[in-house]
Amino acid sequence: MDAIVLQVLNGLDKGSAYALIALGLTLIFGTLGVVNFAHGALFMLGAFCAVTLNTVLNISFSTIDPVKKDFLGNPLKVETPYIESWFGPELGAAIIDWSVPISILFAIPVMILIGLCMERGLIKHFYKRPHADQILVTFGLAIVLQEIVKYFYGANPIPTPAPAALSSSVDMGVFLGFDAGSIIYPYWRLIYFCFAAVIVGGVFAFLRYTTFGMVVRAGMADRETVGLLGIHIDRRFTIVFAIAACVAGLAGVMYTPINSPNYHMGMDFLVLSFVVVVVGGMGSLPGAVAAGFLLGVLESFASMGQVVDLLPGINQIIIYLVAIVILLTRPRGLMGRKGVMEE
Amino acid sequence: MFGLSKKDGTLFLVVIGMTLFAPILLNPFPEGSELAQFNAGYPDLMQRFVIFGIFAIGFNILFGLTGYLSFGHAAFLGVGSYAGVWMLKLLTMNVVPAIMVSVVVAGLFSALVGYISLRRSGIYFSILTLAFAQMSFALAYSVLTPITNGETGLQLALDDPRILGVSQVNGSIPPTNFFGFEMRDGFTLDIASWSFTFNVGYYLCAAIMLIAFYLSIRIFRSPFGIMLQAVKTNQQRLRFTGVNTRPYTLAAFIISGMYAGLAGGLMVAMDPLAGAERMQWTASGEVVLMTILGGAGTLIGPVLGAGVIKYFENIFSKINDNVLYNWFSFMPDALQDAFVFMIHPFIGKGWHLTLGIMFMLVIICLPGGVVEGGQRIAKLFRRKKSGPADSGAASLPNSTPAE
């Protein structure tokens, strides 16, 4: 039993990332009808927002310590981040330590801006073009964004640690009534899951309980009629695009301590997120979220030792296998609506 | 001629001429000159041009004609490569069985994938093919290691049986050959300061490419090809008229899978090793880029696109800052630095960025790819001269995009 709980927990963090990216993809698809292959790149850009903030906070000046000497007997140079000299060593160090959560504040405006520029500058011109063209142009954009990041940050993963207070693990076994030590789970993953849950809840609440959300939902159902009622639906949809970009970016920001970001992390996630969206059903927001968590957990179960012994290689292909089976048995995905992406 | 219309015949003749004289055409700059690094006429790269040309021609038969966007075509190329290497290991170093078996195996595999994937269309089809390709990639890396040799890649060994040939010659693996002609053989022709290399392997690939190209023209112009175009235009209406489209799309899928297998087989015939990374989805993305860049649905487009991308990958990526400094050496130092600084991100290792930007521009401005660009230029010329301008038309022989 504890083994099963452990696998579920293990699957949750990846599942959260899938769910968040898939949520954004579905939002864009449901509103604008655009298949956005650059969504993984937005996830990656979010992660690099965190990297950037971390780097900026760590900009230091060096002073010569008159007391200490290094091993050659020369005066020791001490690097002090500017932030520590401004806010005092303790607060400064704390700010640097908490750079990843702080970068959420930094990433929100950045990602919204990127989303707005992308929609107004590029995607807007592709509403009337075939889906294949949309896929291809956003695919090209993803390559470009990825290469720009590679140019500035290099090809190697950049470790961006979680705050020291949260980098240890929690013994979940005690909480859940199993033996102590049976389920050791890193705090950060738990936080990531909660964060994802909050974001998903926020997006759903936003769509459900605000006037803006109501208009957007109406627009998803029948864009033309909403337009005829005198509502400037295009502008709302632009904002939805920005929100979706922001969701992907935040997913990326919080993911940095789990996996050091590199320039192609977006592509790796994109492929799986598309599978998630399709499994969940194109255009269905709850479907995307459910399928994200489902596939994350399934992937984690498939990588259990016993399962791999029984079916070697299953951990590598489980997601694709599930996708194929679901697409063939339930052509619209788990919760797909009728008439979305059908000829 | 060969059962082709006059226009297609001319196009085919031009392509024949260009491939046969490629070693000369691609080496326009004399050895040792500043521009010699832009020469693409060395065997390895020329082989890649034609092999990826075949791959893209095959992809175009599916995407260009039926509009089904497959994101998993590299899997067929990979499967073909593995099959080819196994033939070289088990049978003989003659490349003929290797190539034939690659085509057959890739065809069978694509029949299986196509049979399942073609139940859906649009993005669902793309995702299904992607899923199959990623599955093959993951399996080739992990579980199928006995067949694929996992991360190391499948290579020839001295103790391979090669029952129809010899296992080893003087303690080394014999080179791949075509009935005695070794693939790496060739001769170099030196004229003044130019040096042209004619390579057996390239000419074998080129001959096969020409056959493949000819077949693709015939397919494009056949009733079958017209049926496929009807599928692209309006599948639903076609169904209403009582046509079952599935056999047509499946046939197109298998044909393009076999082209991919042929490309894979030729790849191992030239360089007998196969790795799983050939099946990764980025490799599938590359062939999509090639086809679109050249012009999807046109005859010559995919070959052009393959040439452009491979040229960029191999030549453009070699330009470094020193070369740039040389070019701008006539400028004052500050200006020179500024120019090099500005161009630096786009060259050398950054060639992907240039490729991405180029690709986006093509999609945005020229949905018909390089071929459409050529047609527009040709049209401009024609309008200016207000008469049948041969120079414009000759630069772009294919003015009948199959749409």
Side-chain angles (χ1 to χ4, degrees), chain A residues 29 35 37 122 125-126 129-148 150-152 155 263-264 267-268 270-272 274-279 282 308 311-325 327-328 331-333 336 340-343, chain B residues 63 67-69 71 113 116-117 119-128 130-145 232 234-237 239 280-282 285 288-289 291-293 296 344-346 349-364 367:
Chain A
F29 183 78
V35 183
F37 255 58
L122 181 72
H125 307 288
F126 276 80
R129 303 270 286 265
H131 282 303
D133 278 7
Q134 298 167 353
I135 292 177
L136 293 168
V137 81
T138 46
F139 181 51
L141 181 67
I143 295 177
V144 170
L145 290 176
Q146 190 172 306
E147 290 301 314
I148 291 174
K150 183 179 160 193
Y151 176 68
F152 283 108
Y263 72 100
H264 55 77
M267 285 290 185
D268 303 344
L270 174 83
V271 173
L272 288 169
F274 256 102
V275 173
V276 167
V277 170
V278 170
V279 167
M282 258 352 244
V308 174
L311 296 163
I314 188 76
N315 52 337
Q316 310 269 345
I317 60 167
I318 179 78
I319 289 195
Y320 303 109
L321 209 59
V322 170
I324 290 169
V325 169
L327 277 187
L328 294 177
R332 283 193 196 104
V340 177
M341 271 313 264
E342 289 164 7
E343 307 107 308
Chain B
F63 177 61
Y68 277 81
L69 177 58
F71 253 101
V113 173
I116 299 172
S117 307
R119 286 160 184 269
R120 317 283 300 130
S121 61
I123 180 127
Y124 295 103
F125 172 79
S126 303
I127 295 288
L128 277 173
L130 181 65
F132 274 110
Q134 285 294 86
M135 260 167 61
S136 334
F137 167 68
L139 289 179
Y141 245 119
S142 55
V143 187
L144 296 178
T145 304
K232 182 182 186 179
N234 196 333
Q235 178 151 217
Q236 202 154 19
R237 201 172 288 176
R239 288 216 187 100
Q280 212 175 0
W281 80 278
T282 42
V288 178
L289 293 186
T291 311
I292 307 283
L293 204 62
H344 175 77
F346 300 99
K349 281 181 187 156
W351 74 274
H352 267 115
L353 181 59
T354 322
L355 180 69
I357 293 174
M358 212 163 67
F359 179 68
M360 278 178 70
L361 286 179
V362 163
I363 303 265
I364 295 168

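A note on names: the letters A, B, ... follow the listed sequences, proteins ahead of strands, and every chain is numbered from 1.
When heavy atoms are compared at a cutoff of 4.5 Å, Leu122(A) approaches chain B solely by way of its side chain, counted from C-beta outward. When heavy atoms are compared at a cutoff of 4.5 Å, Ile127(B) approaches chain A solely by way of its side chain, counted from C-beta outward. Proximity to chain A is absent for every atom of Leu355(B), based on heavy atoms less than 4.5 angstrom apart. Heavy atoms of Ile135(A) lying under 4.5 Å from chain B belong exclusively to its side chain. Heavy atoms closer than 4.5 Å to chain A are found in both the backbone and the side chain of Leu353(B). Using a 4.5 Å cut-off between heavy atoms, Val362(B) does not touch chain A at all. With a threshold of 4.5 angstrom between heavy atoms, Leu144(B) does not approach chain A through any atom at all.
Leu130(B) is not listed as a side-chain neighbour of Phe274(A), based on a closest heavy-atom distance of 4.5 Å or more. Leu289(B) is listed as a side-chain neighbour of Ile143(A), based on a closest heavy-atom distance under 4.5 Å. Side-chain atoms of Thr282(B) and Met267(A), non-hydrogen and from C-beta on, never get closer than 4.5 Å to each other. Side-chain contact check for Phe126(A) versus Ile364(B): some heavy-atom pair is nearer than 4.5 Å. Phe37(A) places a side-chain heavy atom less than 4.5 Å from the side chain of Phe71(B). Residues Leu136(A) and Phe359(B) meet the side-chain proximity criterion, which asks for heavy atoms closer than 4.5 Å.
Nearest heavy-atom pair, Val137(A) versus Ile363(B), reported as atom, atom and distance to 0.1 Å: CB-CG2, 3.8 Å. Leu328(A) approaches Arg119(B) most closely through the heavy-atom pair CD2-CD, 3.5 Å. The minimum heavy-atom distance linking Met360(B) with Val144(A) is given by the pair SD-CG2, 3.9 Å. Listed here is the closest heavy atom pair of Met135(B) and Leu321(A): CE-CD1, 3.5 Å.
In this structure, CG on Leu139(B) lies 4.5 Å from CD1 on Ile317(A), to the nearest 0.5 angstrom. To the nearest 0.5 Å, the span separating CD on Gln134(B) from OH on Tyr320(A) amounts to 4.0 Å.
Of all the listed residues (Ser142(B), Ala131(B), Ser117(B), Ser126(B)), the one sharing the greatest number of non-hydrogen pairs under 4.5 Å with chain A is Ala131(B). When each of Phe139(A), Tyr151(A), Phe152(A) is scored by its heavy-atom pairs under 4.5 Å with chain B, the top score falls to Tyr151(A).
Just one of Val275(A), Ile324(A), Val278(A) meets the side-chain contact (heavy atoms from CB on, under 4.5 Å) condition when paired with Leu128(B); it is Ile324(A).
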